[in-house]
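Read the structure below first, then the notes.
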Amino acid sequence: MTAPKSTPKSTPKSTPKIAPTRHAEPIVVPVALAERAYDIVIGRGLIGSLGARIKTLRPGAKVAIVTDETVAKHHLAACEAALKSAGIESSAIVVPPGEGSKDFTTFATVCEAIIAARIERGDIVVALGGGVIGDLAGFAAASARRGLDFVQVPTSLLAQVDSSVGGKTGINSRHGKNLVGAFHQPILVIADTALLDTLPKREFRAGYAEVAKYGLLGDAAFFTWLEANWQEVFAGAPAREHAIAVCCRGKAAIVARDERETGERALLNLGHTFGHALEAGAGFSQRLLHGEAVALGTALAFEFSARKGLIGADVAARARAHLAAAGLPTHLKDVPGGVPGIDALMDLIAQDKKVKRGKLTFILVRGIGQAFIENDVDPAQVRAFLAGQLSG
Ligand code: NAD
Ligand code: GLY
């Protein structure tokens, strides 16, 4: 195996555009969770190995593939063929694409279909899709027959770097995002980077917000590398696999230390308190994709940190400039159709899971790569900040 060039510990801003060398073998990132440990396997063309890998982990298991109509059109046949070639019987459960499928109705449909397909304990649910499918199928796997094993085959950039790893599964409530769910770890994640070739550019870009997030929250050298190499990551060069692996290693390390988000895992929510409110405000629609909301929320989290005197305005400007260079929204005015007014935004923020006894929890920063959890944010301060952003 050809080792990637590791991300330098302290890279100057003028890092030359050097992509890591092509990986001849898949990159394997272990998630060290004792009896729930699993591997994230990253590389081009891996879907063909899905059946053999499942057969090794669970000999004799049947499979229900949960996917959406769009992903099914592009990749279901390859998934089914890979299972068939390993002698694995499978059935497919196909739901409509989009955030709307993370609802109670679709959840019930998927659970009923898994049971109807006679997927028993010892069998496998495969989540073939983006974060919506991973969250929905994972929660169905956690619930049907009181818990089935599942395998994540993430097909969006966002899912490959974030949602397929760590075991958060769930659906939305009419009160807000991800409010009903379970922690349920997959037994394997197969991130086939070739599947991203069919992902629309806008969706890729939205997923890139979560890539930048890992640098911004805890890895300044990776953020500097991204500033120099983000176009190669978009182009699909080996830089893409390297970036996905860095993100997965970062997330796997945090999840191994804090699986249930009693502490440091909350750092992964950088940009999400503002972001979830804006996403809900846009009706979870195509007006503002999840990753776009995270980009905007991250720019606001940096700006808010600057307003609180934690960082200089130049640091907030640097974070915003990178997200904007990648084509992501970073100002409230960038949201097509506008954002809700201040009262509605504050209500949405209060509905978020990050509120305790009237105080808000925000992930703030003391610099690039230096995020921390602030549990005691005064809602009045947030209100004044957002009012300023709305009028500016
Ligand atoms: P998504 O699953 O809706 O996928 C985006 C769109 O791209 C969909 O229309 C889908 O059909 C399409 N698509 C996916 N892969 C494709 C491919 N290879 N080719 C062509 N089209 C493809 O959304 P997403 O951005 O992947 O994920 C967002 C969701 O993930 C949100 O619901 C968010 O809450 C969740 N999320 C969960 C976690 C977690 O830890 N569980 C973390 C981050 C985000
Ligand atoms: N995406 C946040 C988490 O997995 O904790």
Side-chain angles (χ1 to χ4, degrees), residues 68-71 74-75 96-102 127 129-136 152 154-166 168 172 177-178 191 193 195-217 223 226-227 229-236 239-240 243-244 246-248 250-251 268-302 319-337 339:
D68 74 35
E69 288 156 5
T70 308
V71 175
H74 295 295
H75 303 298
E99 188 72 25
S101 282
K102 269 175 66 172
V132 164
I133 290 299
D135 284 9
L136 172 72
Q152 290 267 18
T155 64
S156 68
L157 179 63
L158 185 143
Q160 294 196 351
V161 298
D162 196 350
S163 60
S164 64
V165 176
K168 277 190 185 176
N172 303 325
K177 208 169 151 60
N178 299 333
T193 54
L195 304 186
L196 302 179
D197 293 352
T198 58
L199 189 69
K201 185 82 182 283
R202 183 181 173 196
E203 295 289 352
F204 189 90
R205 199 183 295 125
Y208 184 78
E210 303 273 17
V211 176
K213 179 188 82 173
Y214 285 98
L216 289 168
L217 77 86
F223 184 72
L226 286 173
E227 287 179 305
N229 293 285
W230 69 270
Q231 281 148 311
E232 290 187 45
V233 175
F234 274 64
R240 182 183 288 182
I244 292 169
V246 171
C247 296
C248 287
K251 183 157 185 180
L268 296 169
N269 297 328
L270 175 64
H272 284 60
T273 302
F274 288 127
H276 279 172
L278 293 164
E279 194 184 356
F284 299 115
S285 69
Q286 288 295 308
R287 274 207 296 127
L288 191 65
L289 302 178
H290 175 74
E292 293 170 344
V294 168
L296 181 42
T298 302
L300 290 174
F302 270 77
R320 178 170 260 158
H322 179 61
L323 295 166
L328 287 158
T330 58
H331 290 96
L332 294 176
K333 67 175 166 42
D334 295 339
V335 180
V339 299

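In this chain, numbering begins with 1 at the start of the sequence shown.
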Kindly indicate, with the supporting measurements, whether the criterion side chain to side chain contact (heavy atoms under 4.5 Å, CB included) is fulfilled by Ile244 and Leu157.
CA-CA 8 Å; Ile244 292 169; Leu157 179 63; 4.0 Å; yes

To the nearest 0.5 Å, what is the distance between [atom1] on [X] and [atom2] on [Y]?
X	Y	atom1	atom2	value
Lys251	Leu217	NZ	CG	11.0 Å
Leu323	Leu296	CG	CG	9.5 Å
Gln160	Leu199	CD	CG	9.0 Å
Asp197	Phe204	CG	CZ	9.5 Å

Can you list everything that forms a ring pair (Phe, Tyr, Trp, His ring centres under 6.0 Å) with Phe284? Sequence neighbours excluded, please.
none

Pairing residues for Phe302 by the ring pair (Phe, Tyr, Trp, His ring centres under 6.0 Å) criterion, not counting sequence neighbours
none

Hey, does [Y] have a side-chain heavy atom less than 4.5 Å from the side chain of [X]?
X	Y	value
Glu99	Leu289	no
Pro329	Glu292	yes
Val211	Leu226	yes

Return the minimal non-hydrogen interatomic distance between [X] and [Y], and the atom names on each side.
X	Y	result
Gln286	Arg202	O-NH2, 2.5 Å
Ser101	Leu136	O-CD1, 3.5 Å
Val165	Cys248	CG2-SG, 4.3 Å
Gly131	Ser163	CA-OG, 3.3 Å
Pro154	Ser164	CG-OG, 3.6 Å
Arg205	Gly327	CD-O, 3.3 Å

Quick one: does [X]'s side chain have a donor or acceptor within less than 3.5 Å of a partner on [Y]'s backbone?
X	Y	value
Asp334	Thr330	yes
Arg240	Glu232	no
His272	Leu270	yes
Glu69	Pro97	no
Asn172	Asn178	yes
Lys102	Asp135	no
Tyr208	Trp230	no

Are side-chain N/O atoms of Thr155 and His75 paired as donor and acceptor at under 3.5 Å?
no

His322 vs Phe223 aromatic rings, parallel, tilted or perpendicular, using cut-offs 30° and 60°?
perpendicular

Using the side chain to side chain contact (heavy atoms under 4.5 Å, CB included) rule, take Thr298 and Phe274 through it: C-alpha gap first, then chi angles, then the decisive distance, then the call.
CA-CA 8 Å; Thr298 302; Phe274 288 127; over 6 Å; no

Cys247 and Asp162: CA distance, side-chain angles, deciding distance, side chain to side chain contact (heavy atoms under 4.5 Å, CB included) verdict
CA-CA 7 Å; Cys247 296; Asp162 196 350; over 6 Å; no

CA sep, side-chain torsions, deciding dist, call: Leu278, Leu332, side chain to side chain contact (heavy atoms under 4.5 Å, CB included):
CA-CA 9 Å; Leu278 293 164; Leu332 294 176; 3.7 Å; yes

